[in-house]
Every structure is written in C-alpha cells, then in structure tokens.
Amino acid sequence: MTEKRIPFNQPYMTGRELEYIAQAHANGHLSGDGQFTKKCQAWLEEKTGAKKALLTHSCTAALEMAAFLADIQPGDEVIMPSYTFVSTANAFVLRGGVPVFVDIRPDTLNIDEMKIEAAVTPRTKAIVPVHYAGVACEMDAIIKIARRNNLLVIEDAAHAGLAFYKGKSLGTLGHFGTYSFHETKNIIAGEGGALLLNDLSFADRAEIIREKGTNRNQFYRGQVDKYTWVDIGSSYLPGEVIAAFLLAQMEAAESITGLRLKIWQKYHEALASLEAAGALRRPVVPQDCQHNAHMYYALLSPGIDRRAVLAEFERSNILSVFHYVPLHSAPAGQRYCRTHGDLAVTNAASDRLIRLPLWVGLTETQQNKVIEALRRAVKSA
Ligand SMILES: *Cc1c(COP(=O)(O)O)cnc(C)c1O
C-alpha cells in the first residue's frame, strides 16, 4: 500500500506569507509592535469590532494577560468548563486562582449557562466561556449572570475567529476575548494569538503588562517623558516576522472560512443518515450562532466502541483524533482546581467524541474516504 495518509490537519499557506516576511526583513524592525503588528491589530479591530486588539505570542499568553487584568489573587475563583484546553485554566492557576469547573451543555458542548450561578461564591471573580468548535456559548445569559454578580467575562475564543453570536464577533461580548493563531486553528501564524479588549478602561494596563511591566507604549506616543517599570508584567508581544506571516493569513481569512465551511457542510450532510440510524450525533449549531467550521466532530452513540472506530481509521490510513481529557480528571486539574456539581456531560463527551480531518486543501476524494471509513467503522464497531 503506497496510498498517502490523510493527515488530521495540514497548515494552509495563502501564498503571500514569504513576501510579507521579506518586507519585515527589509523594514529592519523585527521586534514587536512594528508596521505588521499594527496592521494585524487594525484588521482585528475592524473585523471584530473590538475596542482594542493586542497581538500576543499565543492564546495562552492572551489568557495570562486577562488573568493579570482581572487582578486574580490567590484563592480567587474562576468559573469555566472542564472540557477545554489546559491554557484556559492554567492562566488563572499561575496567578493563584482556582478554576471551578461546571458541566457543559449536551448539544453544543459549551459551558452550561444554567449551572454557572449556583457555582458563584464570594471569591468568584470571573466566568470564562469557551466557544467550542467556533459555536457560541449562550452569551446573553452569561453576561446577565456576570452583571448580577459583578464578575468579569473572559471569552476563550481560541476556536472562534470569524464566528458570531447574534451578529457579533465572538471575543467581543465579554470584557476580554482571546484568540489563537496556532497552526491547528483556522488562521495561523505558527504560534500566535491576540487579546481583544472591549472596555478601554483596561487598555493602558494591558499595554504595560504586555511590555514587561513598562510604560514603553506611552513613551513612544509621547504621553510620558521617560520609559520605566511601572507594574508587574511579562513579554507577550510577538516579533514582526510572525505578524507578517499572520497578516497574509488575515487577508485571506474570509476565503479560508468559506472553504472550511464547505468541507464541514459535506461531512454534515454525509453523516445525517448515520445520525438517523442512531450511530452518532452530529454537531448542533443554534440559530443565533454563525460558526466558522473550526472543527467537525461526531459523538458516537453509547453502543459504539470508539477504539474500534479509530482502529478502522488507522487501517484506512486516516488520522482521526479525539479530545479533551477533561481538566478535572488531569493530575494538575485535581491539584489546582475544583468542580461544582457532577460533570456527567463532560465525561460522556470526552469518552465518545471523535474529530474528523478538516483543513483547506482536503480533496473531495479524501473526504469521501473519511466518510466511507466512518460508515464501515460504525457498522462493525
Ligand atoms: C488552542 C487553544 C488554546 C491555546 O492556544 P495557543 O495559541 O496554542 O496558546 C486555548 N484555548 C483553547 C480552547 C484552545 O483550543
């Protein structure tokens, strides 16, 4: 068998990345906050409507900045799902905060907004909704709970670039939103991210935290006459080579989303009969949500053995993966976090979910092979 393996993900290049990197090189400004960074930030502000966007070197970095801005003190609690990537929790643990996990909804696998308020205590500082697969959490309800309890809302929008809730960009509904441009996301820079600020009262401190605790940005703008250490902070800004790469991706962002949506839709149509036969459940996208085809997943029905399904993919030379190991069951999650209520939906999703290959350039032939392998697998599993 010489047939080529179908990878789970393959980074897509728009064709202009190297040209922009050459320009950054010619500009002679390679550290952060040069022309390309400014263009990327302007693009984010224009496309999302965020009041201010700051490029970071990852979504993890943007979440860490949000934890600084939320002024998390040791023992402060932050409510979030357990069904997420480690950085959602780790960013707050680094400040001494305690992630408090509540269960997710069975339909979207997003945090169950009905379970949030019961988890609020006098130590709660923030709610961190994660827009799983680029499908929005129930933000109206979450924002109401946050207002009633005087909490900050930090959206982990790592999956959610160019996805919307009631016409508004994800990442712009809470106080802060965090984006990822990791190679596995829709729009990429290798490693990269952004912090969106939707309340400008945090803007000065955000710039300072990102610039090692200094007021360098204010100094460059002539607002202060010397540049000095004024607060705690770290180095969260990417260099211009990363920003140059990212700008090329941003310019093609709408077409990338469109191509991904076509692939997503084909899976969705093809899997309808398997859903009708009771073998699996397809993703649910509520009416108010416009998703971005970040991911195509299926939840296998209880009678179907996931290991057997993955083995069939393996035999067919297709790489399919699953995630997440829920954070409450991970060693560091047990050490640093707590749960509120049972996490039955989280545990079930973690045991039964599979993700199918989805990347720009996946051919129809390849996609048909994936679909056929899945059909064979659920029949024999
Ligand atoms: C990818 C991801 C992150 C981390 O993004 P990086 O840019 O790799 O730091 C955080 N949260 C979620 C939900 C993610 O999927």
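Given the structure is predicted, the values throughout are model-derived calculations rather than measurements. For ligands, and for the atoms within them, numbers begin at 1 and follow the listed sequence.
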*Asks:* Please tell me whether Phe68 and Phe92 form a close aromatic pair, meaning their ring centres lie under 6.0 Å apart.
*Replies:*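 Not under 6.0 Å, so no.
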
*Asks:* Hey, looking at atom 8 (O) of ligand 1, which of Met295, His159, His182, His131 has the closest heavy atom?
*Replies:*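 Among Met295, His159, His182, His131, the closest heavy atom to atom 8 (O) of ligand 1 belongs to His182.
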
*Asks:* What atoms in ligand 1 come closer than 4.0 Å to a heavy atom of Phe85?
*Replies:*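 Answer for ligand 1: 2 (C), 3 (C), 4 (C), 10 (C), 11 (N), 12 (C), 14 (C).
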
*Asks:* For ligand 1, does Thr60 get within less than 4.0 Å through its side chain, its backbone, both, or neither, judged by non-hydrogen atoms?
*Replies:*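 Contact part for Thr60 vs ligand 1: both backbone and side chain.
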
*Asks:* Nearest to atom 12 (C) of ligand 1, what protein heavy atom do you find, and at what distance?
*Replies:*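 Of every protein heavy atom, Ala158 CB, 3.4 Å lies nearest to atom 12 (C) of ligand 1.
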
*Asks:* Indicate, as side chain, backbone, both or neither, the part of Tyr324 found under 4.0 angstrom from ligand 1 when only non-hydrogen atoms are considered.
*Replies:*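 Looking at Tyr324 and ligand 1, just side chain atoms fall under 4.0 Å.
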
*Asks:* Would you say the side-chain atoms of Asn186 and Arg260 include a donor-acceptor pair closer than 3.5 Å?
*Replies:*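 A donor-acceptor contact under 3.5 Å links the two side chains.
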
*Asks:* Do the numbers put Arg355 on top of the ring of Phe8, so that NZ or CZ is under 6.0 Å from the six-membered ring centre and no more than 45° off the axis?
*Replies:*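 Judged by the rule, Arg355 and Phe8 form no cation-pi pair.
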
*Asks:* For ligand 1, which atoms sit closer than 4.0 Å to a heavy atom of Val130?
*Replies:*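 With Val130 as reference, the close atoms of ligand 1 come out as 13 (C).
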
*Asks:* Between Trp264 and His291 (judged by ring centroids, cut-off 6.0 Å), do the two rings come close enough to count as a pair?
*Replies:*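 Between His291 and Trp264, which both carry aromatic rings, the centre distance is below 6.0 Å.
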
*Asks:* Regarding Glu251 and Tyr20, is there a side-chain donor-to-acceptor distance under 3.5 Å anywhere?
*Replies:*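 Note: Glu251 and Tyr20 side chains meet the donor-acceptor criterion.
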
*Asks:* Is there at least one pair of N or O atoms, one from Cys59 and one from ligand 1, spaced under 3.5 Å apart?
*Replies:*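 Min N/O separation from ligand 1 is below 3.5 Å for Cys59.
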
*Asks:* As an exercise, identify every atom of ligand 1 less than 4.0 angstrom from a heavy atom of Lys185.
*Replies:*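 Those qualifying, in numeric order: 1 (C), 2 (C), 14 (C), 15 (O).
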
*Asks:* Compute both the distance and the angle, then confirm whether Lys168 meets the cation-pi test with Tyr165: under 6.0 Å from the six-membered ring centre, within 45 degrees of the axis.
*Replies:*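 Here Lys168 fails the 6.0 Å and 45° test against Tyr165.
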
*Asks:* Please determine if Asp156 has a nitrogen or oxygen closer than 3.5 Å to a nitrogen or oxygen of ligand 1.
*Replies:*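 The answer is yes, given that Asp156 and ligand 1 share an N or O pair closer than 3.5 Å.
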
*Asks:* Please determine if Glu372 and Arg375 form a salt bridge, counting it only when a charged side-chain N lies under 4.0 Å from a carboxylate O.
*Replies:*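 Counted as a salt bridge, because a side-chain N and a carboxylate O are separated by less than 4.0 Å.
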
*Asks:* Could an N or O of ligand 1 be found under 3.5 Å from any N or O of Thr84, whether backbone or side chain?
*Replies:*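 No - when backbone and side-chain N and O of Thr84 are compared with those of ligand 1, no distance drops under 3.5 Å.
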
*Asks:* Regarding ligand 1, does Ser87 bring an N or O atom to under 3.5 Å of one of the ligand's N or O atoms?
*Replies:*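 Checking ligand 1 against Ser87, no N or O pair falls under 3.5 Å apart.
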
*Asks:* Between Tyr132 and His323, is the ring centre distance below 6.0 Å?
*Replies:*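 They qualify: ring centres under 6.0 Å apart.
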
*Asks:* At less than 4.0 angstrom from any non-hydrogen atom of Gly192, what atoms of ligand 1 do you find?
*Replies:*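 Selected atoms, number and element: 7 (O).
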
